[in-house]
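Working notes for the structure below.
Since the structure is predicted, the reported quantities are computational estimates derived from the model, not experimental observations.
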Amino acid sequence: MKKHNFNAGPSILPREVIEDTAKAILDFNGSGLSLMEISHRAKDFQPVVDEAVALFKELLNIPEGYSVLFLGGGASMEFCMVPYNFLEKKAAYLNTGVWAKKAMKEAKAFGEVVEVASSAEATYTYIPKDYTVPADADYFHITTNNTIYGTELKEDLNSPVPMVADMSSDIFSRPIDVSKYICIYGGAQKNLAPAGVTFVIVKNDALGKVSRYIPSMLNYQTHVDNGSMFNTPPVVPIYAALQTLRWIKAQGGVKEMERRATEKANMLYAEIDRNKMFVGTAVKEDRSRMNICFVMAPEYKELEADFMKFATERGMVGIKGHRSVGGFRASCYNALPKESVQALIDCMQEFEKLH
């Protein structure tokens with residue numbers, strides 16, 4: 001039976017990315033050595049990092065004056081690295097979910113943190129719209145896609161101060177204006193690579209502005225100066241990321257990824273809205289294209305476990321909603337084919353006919 005991988009992360013990767021990485025794990029570049037056992041400073045590996053950086057810049061149209069870094073620690077490490085490097089006195093944060101709240105908590109150790117708006121009172125089912133970003137903030141931090149609650153910022157905001165964005169789960173799903181940001185970061189295990197590597201896009205001239213001492217490993221400048229090679233980087237996930245970047249380019253680039261994401265999301269949301277057994281959880285204007293969250297309609301609530309079993313038996317993987325929301329979550333990242341979305345829709349329609 002074909003499996004349809006809707007996992008929220010670690011998540012689906014293009015099949016050729018998995019196969020190419022598996023080959024390199026067995027024999028990297030005909031060296032007779034595994035990718036897992038070569039030196040990160042080997043002459044054969046540096047081109048991997050160089051090409052990955054070049055494709056990042058090409059696909060996202062990153063302007064001059066920015067560096068692309070591959071680090072460890074996940075986005076959770078960036079929650080403290082961002083204020084360590086950029087927060088001198090005050091930072092503004094938009095609270096749109098669990099990860100935004102965690103980022104805000106870490107920043108409070110470094111200076112004043114202003115929560116400009118929050119949707120916590122409505123269980124983060126919408127993105128706040130009417131708020132003011134303090135003009136004297138060092139930066140304004142946003143989380144562009146909220147995996148747990150299924151909301152998404154689909155366009156770059158206008159801000160009176162430089163922006164920082166956690167784009168862990170929607171990077172490469174739409175074009176972005178990188179010039180609006182001093183830092184964009186994310187864990188790679190949603191739309192780019194297996195878990196273990198974190199990408200950071202940082203504006204070079206925004207560094208070195210804080211007065212505090214920054215430990216070497218937590219200082220972005222350290223990694224800029226050393227080309228992500230200050231310490232041993234996560235070699236295998238970086239190699240897999242390169243294969244994904246090649247795949248995105250071959251498929252038509254970020255605009256094509258956005259077209260596909262919109263098409264898949266529209267298909268599934270149309271079924272959720274049509275099918276009397278299911279209800280979407282996020283307000284329509286803020287619905288995520290990456291993480292589609294829905295629950296059983298109140299009158300069918302007792303059938304939730306039955307539908308989960310029904311869907312699982314038909315090859316749906318990873319559709320159980322986050323424990324804080326319940327219900328279901330279909331993560332439709334770039335590598336998920338439209339056929340998988342259709343298979344889930346067929347499943348929902350078949351279940352509806354039975355009940």
message = For the residue pair N29 / S31, report whether a side-chain donor-acceptor contact shorter than 3.5 Å exists.
response = no
Problem set entry | Residues Y333 and N7: side-chain donor-acceptor under 3.5 angstrom | no
When rounded to the nearest 0.5 Å, the distance separating CG of L157 from NZ of K180 is 7.5 Å
Report task. Measure from NZ or CZ of R314 to the centre of the six-membered ring of F310, then state whether that distance is under 6.0 Å and the direction lies within 45° of the axis. Result -> yes
Worksheet entry | Step-by-step salt bridge (Lys or Arg N to Asp or Glu O under 4.0 Å) determination, R15 to E19 | CA-CA 6 Å; R15 187 66 199 175; E19 291 174 354; 3.4 Å; yes
Can you find a heavy atom in the side chain of I201 that is under 4.5 Å from one in the side chain of Y185? no
- Indicate whether the side chain of Y220 and that of E78 have a donor and an acceptor atom separated by less than 3.5 Å. yes
Using a strict 4.0 Å threshold on nitrogen-to-oxygen distance, state whether E152 and R289 make a salt bridge. yes
Of P160, P162, S159, the one forming a side-chain contact (heavy atoms from CB on, under 4.5 Å) with F140 is S159
>> A side-chain contact here means heavy atoms from C-beta on lying under 4.5 Å apart; do I182 and M163 qualify?
In response: no
* Consider only side-chain N and O atoms of K190 and N145, and report whether a donor and an acceptor are under 3.5 Å apart. => no
*Taking it one step at a time, do N146 and T96 satisfy side chain to side chain donor-acceptor pair (under 3.5 Å)?*
CA-CA 7 Å; N146 301 285; T96 53; 3.0 Å; yes
*asked:* Do Y149 and Y126 pair up side chain to side chain, a donor and an acceptor below 3.5 Å, judged on atom types alone?
replied: no
Margin query: For a 4.5 angstrom cut-off between non-hydrogen side-chain atoms, does P233 reach L71?
Written below: no
D156 side chain to Y181 side chain, donor-acceptor N/O pair below 3.5 angstrom | yes
Does either side chain, that of N291 or that of T147, offer a donor lying less than 3.5 Å from an acceptor on the other one?
no
